[in-house]
There are 2 protein chains.
Amino acid sequence: MNGRIGVPVTIRAMERSSTTPGGSARREATRQKLYEAAVTLIAEQGFSATTVDEIAERAGVAKGTVYYNFASKSVLFEELLRHGVGLLTASLREAAERTAAEGGGGVDALDAMIRAGLVFIDRYPAFTQLYVAELWRTNRAWQSTLMVVRQQAVAVVEGVLREGVANGEFSEEIDVPLTAAALVGMVLVAALDWKSFQPERSLDDVHSALSRLLQGRVSGRR
Amino acid sequence: MNGRIGVPVTIRAMERSSTTPGGSARREATRQKLYEAAVTLIAEQGFSATTVDEIAERAGVAKGTVYYNFASKSVLFEELLRHGVGLLTASLREAAERTAAEGGGGVDALDAMIRAGLVFIDRYPAFTQLYVAELWRTNRAWQSTLMVVRQQAVAVVEGVLREGVANGEFSEEIDVPLTAAALVGMVLVAALDWKSFQPERSLDDVHSALSRLLQGRVSGRR
DNA sequence: GTTTTTGCACTGACCAGTCAGTTCAAAAAC
DNA sequence: GTTTTTGAACTGACTGGTCAGTGCAAAAAC
């Protein structure tokens with residue numbers, strides 16, 4: 001149908017996909033505005049219910065600009081996912097490494113990562129919301145992106161668990177992937193509940209509640 | 001806009017809203033088929049990306065039948081939510097009560113509820129998926145339905161925790177709502193990961209991994 | 001004979017993606 | 001140092017298609 005202009009369009013999409021390092025400062029700023037607009041709208045309404053017009057409007061930009069910067073609505077979304085999870089993964093890794101450097105054990109590392117997770121969710125609640133909402137969907141275009149990105153984050157937790165098992169700090173009977181998923185879930189759901197239903201509480205407060213649960217200090221009075 | 005036909009539509013919607021007990025058996029069967037079709041499609045694609053035509057087709061029913069049975073697409077979805085969470089809540093409550101009757105303590109009750117949660121997710125993975133995807137969204141039509149329904153389920157866990165605190169089995173320092181949310185999250189995320197990424201594992205397997213985590217038997221070899 | 005379902009044509013709103021045209025800052029030409 | 005050219009970035013009206021919901025007469029089920 002549009003064979004007439006098919007080639008230019010394709011080239012435009014190719015040239016300007018992915019987290020282009022060669023973007024001008026202006027362009028990078030526009031992309032950032034679009035990420036910020038998209039993340040809150042999609043967190044609130046979901047991907048399909050959010051229109052490109054809305055995203056453009058909230059970013060204070062014309063619709064055409066969205067398509068000048070991203071090949072399509074779903075590409076915008078995929079890059080948003082990669083961007084966000086990159087931040088989270090870096091933060092988790094940093095927490096684990098810092099604890100190790102300070103001579104803490106596996107439990108300290110897990111605790112530090114819980115805090116890093118809470119800090120992240122505190123700062124980017126909309127991203128977290130959107131991530132959870134999309135993670136377990138099947139048959140979606142960005143399925144593979146999500147898998148990769150999920151594995152990056154969970155792998156950090158698994159690494160700490162595995163090391164703990166190796167040096168005898170954790171029981172050999174623990175199931176590393178499942179326990180990692182459960183820990184992530186614990187933090188994720190507790191934090192989302194915190195943000196949604198009792199946002200006035202402090203991060204320290206939430207952190208100490210989760211620490212207690214992690215260390216099995218729930219049963220038994222003290 | 002549709003004042004011309006506004007009244008008949010409203011009447012039809014009124015007559016036939018909510019989990020009508022007065023429905024004929026035939027009608028109830030049709031509704032059930034529609035729930036089943038809708039739950040998988042929406043879990044896969046999300047609410048907005050799922051069309052009424054698709055739901056009707058998968059249920060093996062004419063589109064008109066959908067609107068004969070439900071006032072709108074979102075009413076169908078809301079009733080689906082209520083229906084599903086009703087099943088879950090009943091199952092959790094039953095587990096807690098059975099344990100209590102058998103003379104078990106709070107930890108046993110929590111453990112039984114973890115299992116009940118896993119059994120539920122094992123049986124209705126699509127519903128769980130869809131529930132998680134919608135729970136923390138804001139600005140949606142069925143927001144209030146979700147809140148009510150969430151509270152029902154979490155309240156069961158909170159009840160067990162509170163009772164444990166009252167009789168001294170659990171520390172008085174635990175934060176009941178937050179700990180309940182964290183426990184729910186632990187089960188939810190672990191189970192969704194199980195179903196999505198290692199579906200071949202047995203329920204018992206997953207259950208024992210979570211039990212261990214609950215009882216703080218992660219640290220310390222044994 | 002009443003309730004429920006069917007089949008299908010129809011409408012109007014909405015929306016992803018397109019593209020011809022505009023803007024403007026910096027480079028090139030003079 | 002002034003004028004001209006260039007091209008990346010941006011704009012917004014427009015298009016082709018999709019979809020929720022309607023209307024209704026006839027058939028099937030009860």
Side-chain angles (χ1 to χ4, degrees), chain A residues 1-17 20 22-34 37-38 41-42 45-78 141-142, chain B residues 1-13 15-17 20 22-34 37-38 41-42 45-78 141:
Chain A
M1 180 188 37
N2 57 356
R4 183 169 53 91
I5 42 103
V7 174
V9 167
T10 307
I11 286 174
R12 194 211 278 175
M14 288 287 122
E15 279 173 355
R16 288 315 184 170
S17 228
T20 321
S24 69
R26 185 174 174 211
R27 207 176 159 133
E28 211 45 60
T30 306
R31 276 163 175 263
Q32 192 61 38
K33 278 195 290 182
L34 285 170
L41 285 167
I42 297 179
Q45 308 174 322
F47 175 81
S48 306
T50 300
T51 69
V52 175
D53 288 277
E54 279 176 317
I55 296 173
E57 190 190 347
R58 178 165 310 189
V61 132
K63 187 177 188 176
T65 304
V66 177
Y67 286 93
Y68 182 76
N69 283 280
F70 299 95
S72 68
K73 186 184 171 188
S74 29
V75 167
L76 162 56
F77 183 61
E78 272 186 70
W142 49 81
Chain B
M1 178 187 37
N2 57 357
R4 184 168 52 93
I5 40 104
V7 173
V9 167
T10 307
I11 287 174
R12 195 210 277 174
E15 282 173 353
R16 289 315 184 172
S17 226
T20 321
S24 68
R26 186 170 167 224
R27 204 166 164 157
E28 212 43 61
T30 305
R31 276 161 174 266
Q32 191 61 38
K33 279 194 292 183
L34 285 169
L41 286 167
I42 297 179
Q45 308 175 323
F47 175 80
S48 307
T50 301
T51 69
V52 175
D53 289 278
E54 278 176 318
I55 296 173
E57 190 190 346
R58 178 165 307 190
V61 134
K63 187 179 184 178
T65 305
V66 176
Y67 284 93
Y68 183 77
N69 282 280
F70 298 95
S72 69
K73 185 185 172 188
S74 30
V75 167
L76 162 55
F77 182 61
E78 271 186 72

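In what follows, chains carry the letters A, B, and so on, assigned in the order in which the sequence lines appear, proteins first and then strands, with residues in each chain numbered from 1. What you are looking at is a predicted structure, and each value in this text was computed from that prediction instead of being measured.
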Task: Contact list for DNA chain D against residues 55-63 of chain A - heavy-atom distance below 4.0 Å - done: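 Those residues are A/Val61, A/Ala62.
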
TODO: Taking only heavy atoms on the protein side, list every residue of residues 45-53 of chain A lying under 4.0 Å from any atom of DNA chain D, sorted numerically.
DONE: none

Open item on the list: Cation-pi check for B/Tyr67 against B/Lys73: NZ or CZ below 6.0 Å from the six-membered ring centre and within 45 degrees of the axis, yes or no?
Closed with: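 Here B/Lys73 fails the 6.0 Å and 45° test against B/Tyr67.
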
List for me each residue that meets side chain to side chain donor-acceptor pair (under 3.5 Å) alongside [X], sequence neighbours excluded, and say none if there are none.
X       : value
B/Glu57 : none
A/Thr50 : A/Gln45
A/Lys63 : A/Asp53

TODO: Return the minimal non-hydrogen interatomic distance between A/Leu34 and A/Phe70, and the atom names on each side.
DONE: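 Closest pair (atom of A/Leu34, atom of A/Phe70, distance): CD1-CE1, 3.8 Å.
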
Task: Considering all heavy atoms, the nearest B/Phe47-B/Ile42 contact - done: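 Nearest pair, atom of B/Phe47 first, then B/Ile42: N-CG2, 3.6 Å.
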
[X] side chain: which of [options] is closest?
X       : options               : value
A/Tyr67 : C/dA16, C/dT3, D/dA20 : C/dA16
A/Asn69 : C/dT4, C/dG17, D/dC10 : D/dC10
A/Arg27 : D/dA9, C/dT5, C/dG17  : D/dA9

Rounded to whole angstroms, how far apart are [atom1] on [X] and [atom2] on [N]?
X       : N      : atom1 : atom2 : result
A/Arg31 : D/dC10 : CZ    : C1'   : 14 Å
B/Leu34 : C/dT4  : CG    : P     : 14 Å
B/Phe70 : D/dT22 : CZ    : C1'   : 19 Å
B/Arg26 : C/dT4  : CZ    : P     : 8 Å

TODO: Would you please name every residue forming a side-chain contact (heavy atoms from CB on, under 4.5 Å) with B/Ala37, sequence neighbours left out?
DONE: B/Ile55, B/Arg58, B/Ala59

TODO: With sequence neighbours left out, write down each residue that passes side-chain contact (heavy atoms from CB on, under 4.5 Å) with B/Thr65, or none if nothing qualifies.
DONE: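 Once residues adjacent in sequence are excluded, the partners of B/Thr65 under the side-chain contact (heavy atoms from CB on, under 4.5 Å) criterion are B/Thr30, B/Val61, B/Ala62, B/Asn69.
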
Distance check: side-chain N/O of [X] vs OP1/OP2 of [N], anything under 4.0 Å?
X       : N     : value
B/Thr65 : C/dT6 : yes
A/Thr30 : D/dA9 : no
B/Tyr68 : C/dT4 : yes

Open item on the list: Which nucleotide, if any, forms a Watson-Crick or G-U wobble pair with D/dC30, using both distances under 3.5 Å?
Closed with: C/dG1

